[in-house]
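Note that the numbering runs from 1 along the sequence shown for the chain.
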Amino acid sequence: MRETRRGRRGRRGAAGAAIAQLPWERVANPYAPLEMLTPDQMQDLHDTSIRILKELGIKVMGENARDLMRRAGAKVDAEGVVRLDESIVDNALSTVPRQFSLTPGNPARQVHFGGRDLVFGLVAGPPNVHDRINGRRAGNLEDYRNFIRLARHFNVIHMIGNQVTAPQELPANTRHLDTYLANLTLSDLSFHCTAIGRGRAMDGIRMMAIARGATLEDMARAPGVTTIISVNSPRLLDDAMGDGLIAMSRHGQPVTITPFTLMGAMTPVSLPAAMAQQNAEVLFGVVLTQLVRPGTPVMYGAFTSNVDMRSGAPAFGTPENAKANVIAGQLARRYGLPYRTSNANASNTVDLQAAYETAMATWGAVLGGANLIYHAAGWLEGGLTASYEKLILDVEILQNMVEFLRPLKWDADELGFDAIRDVPAGGHFFGAAHTMARYEHAFYQPLLSDWRSYENWAIAGAKDAAQRATDLWQQALAEYEEPVIDAGRREELEAYVAKRREEIGHDDP
């Protein structure tokens, strides 16, 4: 099956017609974000977050990060717990850009964060992959490459996350080189670096610089990659994350600070407490980026949901998760930070649960004013699996959202008084001039939905949405076209990977 996929790249699907989809475009949310909390409640959250930072502190494992905080006036105790007051937070917030852009090797695929911009990212991090043909299996490089091909093919996926799946057949300490190379040669999108330590972050920065024909100084002026720095909630920043944050910030690459806060496990069970803790942990990370390099772009990251109190398993796409997405957006806007969240689900298969949980979380993210929806396409099984069919379902959900956010055309002709006048009472508008002038593009044409009558649907094979999704991802891989890359830059990338693989060595942790 994998050989077949590889050989069919760049050709049309069996039906002879390419998949109809929306064009690549810069997506903006024209509507005012939902304000779920009152100003007094927002102040309560802020004040509690500052108390957490000042009285309880964040434990920091890395001496580099502790030293930066110490020199800024924070108190660091013998156990590595860092406590800081509000003035240090305010100083850091005063230097953070309110918006920024990422420019990949193809500048036409530049993406923007902040204001009303909305960017959708590919799923990141699952150790497993699944499709209805080959079943569930460990992440591997060929599946990784296929997901990158799909991300390039579908215009509504704007950027690549940090390892769509982990290629487990490759050494853990060098596999990031193979995934970066796939990102840069099979797509022309920006991507998230793996920032577990300085080395992986620097490899991502340097490889994007090669792909762009740029220097590190050029990259600092016009960033090309970003990363997610995860706080190990509650209140712990490990040394690898700290070193990755410092490396990215030192070179002017954007950093998203994202606590992993599941209510009832990593935070108290109440939503206000979870948001206060999340906020404190984000603010701590923001401070650290600005101590490294004032003006470094940084994004407010939110990943607050709840656990199933009967089993302890993570739950996503819940009402609490949607509320957290909205409230986190309010907090991000309070501090003038671009906002990242996710539209995760906890379903174990591509079914009704996967659809309604993803839809619930997506609406919470959009209503909350998200600038980046991470894991937006392909996330399944609470993040343990990257799913081909789920990616297709998500592309449909995201395209629907793009159309929902598209501003209405509004003029006398659109109001259609003459069209209403010309059709007699009890008549119909199927053949009206107003209809005929618009029918081809009047409404969103779905990618996955089947609107045929039951009889015609049955004659066509009675395929449900999951079966149709299987057909679509196969067709997308058949249609995929590899981006054109300068041969010299490709050779330089491959040489860099070979050199770094040798330097790191399979035995180096």
Side-chain angles (χ1 to χ4, degrees), residues 118-132 136-139 143-144 146-151 154 156-167 179 183 189 191-192 194 228 230 256 258 260-262 301-308 313-318 320-322 324-325 340-366 368 370 372-401 447-448 465-466 469-470 472-473 476:
L118 178 55
V119 173
F120 302 123
L122 186 62
V123 61
N128 304 300
V129 293
H130 178 271
D131 65 68
R132 287 165 49 90
R136 187 176 186 269
R137 55 202 179 272
D143 279 310
Y144 184 98
N146 276 337
F147 274 98
I148 301 306
R149 293 172 181 130
L150 291 171
F154 288 109
V156 79
I157 302 175
H158 301 129
M159 68 181 306
I160 297 166
N162 169 24
Q163 291 195 10
V164 58
T165 187
T179 60
N183 296 347
L189 305 176
F191 64 91
H192 282 73
T194 300
I228 300 286
S230 297
T256 300
T258 307
F260 183 30
T261 40
L262 291 178
F303 200 69
T304 291
S305 192
N306 56 285
V307 298
D308 177 1
F316 300 104
T318 64
E320 294 79 13
N321 177 216
N325 283 347
R340 168 261 159 153
T341 187
S342 298
N343 61 347
N345 71 96
S347 182
N348 292 311
T349 188
V350 183
D351 62 0
L352 287 171
Q353 178 184 340
Y356 65 69
E357 287 182 352
T358 300
M360 185 74 170
T362 303
W363 276 110
V366 172
L372 169 62
I373 299 183
Y374 200 57
H375 305 301
W379 169 291
L380 193 67
E381 200 186 330
L384 295 177
T385 294
S387 162
Y388 284 79
E389 282 82 17
K390 182 59 164 50
L391 183 145
I392 299 298
L393 170 62
D394 290 335
V395 167
E396 183 78 286
I397 290 173
L398 299 178
Q399 288 198 150
N400 272 274
M401 187 58 69
L447 178 86
L448 181 60
T470 301
L472 282 167
W473 68 254

Problem - Polar side-chain atom of Glu396 near backbone of Leu448 as donor-acceptor pair, under 3.5 Å - result: yes
Measuring only between side-chain heavy atoms, which start at C-beta, is Trp473 closer than 4.5 Å to Leu391?
no
The reported gap from CD1 in Ile148 to CG in Asp143 (rounded to nearest 0.5 angstrom) is 11.5 Å
Just so I know, are the side chains of Thr470 and Asp131 near enough to count as touching, which here means a heavy-atom distance under 4.5 Å?
no
Asn162 and Tyr374 have their tightest heavy-atom pair at N-OH, 3.0 Å
Item checked: Heavy-atom check, side chain of Met159 versus side chain of Leu372, under 4.5 Å -> yes
Keeping the roles fixed (side chain from Asn345, backbone from Trp379), state whether a donor-acceptor pair exists under 3.5 Å. yes
Rounded to the nearest 0.5 angstrom, the OG1-CG distance for Thr261 and Asn306 is 11.0 Å
Correct closest heavy-atom pair for Gly317 and Ala361 would be CA-CB, 4.1 Å
ask   = Is Ser305 reaching over with its side chain to a backbone N or O of Asn321, donor-acceptor style, under 3.5 angstrom?
value = no
OG1 (Thr256) and CZ (Arg340) are apart, to the nearest 0.5 Å, by 7.0 Å
(message) Determine whether Lys390 and Ser347 satisfy the following criterion, side-chain hydrogen bond (donor to acceptor under 3.5 Å, both in side chains), listing intermediate values before the conclusion.
(response) CA-CA 10 Å; Lys390 182 59 164 50; Ser347 182; over 6 Å; no
Minimal heavy-atom distance between Arg136 and His130, with the atoms involved, is N-CD2, 3.3 Å
Rounding to 0.5 Å, atoms CG (Asn348) and OG1 (Thr385) come to a distance of 8.0 Å
ask   = Is there side-chain contact between Val129 and Arg137, with heavy atoms separated by less than 4.5 Å?
value = yes
Notebook entry, point to check: With a 4.5 Å heavy-atom cut-off, do Leu262 and Phe316 have their side chains touching?
Noted result: yes
Item to check | Within-4.5 Å side-chain heavy-atom neighbours: Phe191 and Leu122 | outcome: no
Tested for side chain to side chain contact (heavy atoms under 4.5 Å, CB included) against Leu447, the lone hit among Ile397, Val156, Leu472 is Leu472
Between Gln163 and Tyr144 the two heavy atoms that sit nearest each other are CA-CE1, 3.6 Å
In short, Pro167 meets Thr179 closest at the heavy-atom pair CG-CG2, 3.7 Å
Per side chain to side chain contact (heavy atoms under 4.5 Å, CB included), Phe147 is matched among Ile157, Ile160, Val164 by Val164
Below 4.5 Å, heavy atoms only, C-beta onward: do Leu393 and Thr358 meet side chain to side chain? no
Heavy-atom nearest pair, Ala138 first then Asn128, reads CA-OD1, 4.0 Å
Asn343 side chain to Ala365 backbone, donor-acceptor under 3.5 Å
no
I'd like to know if the side chain of Thr165 and the backbone of Pro126 have a donor-acceptor N/O pair within less than 3.5 Å. yes
Using a 3.5 Å distance criterion without hydrogens, assess whether the side chain of Glu389 forms a donor-acceptor pair with backbone atoms of Arg132. yes
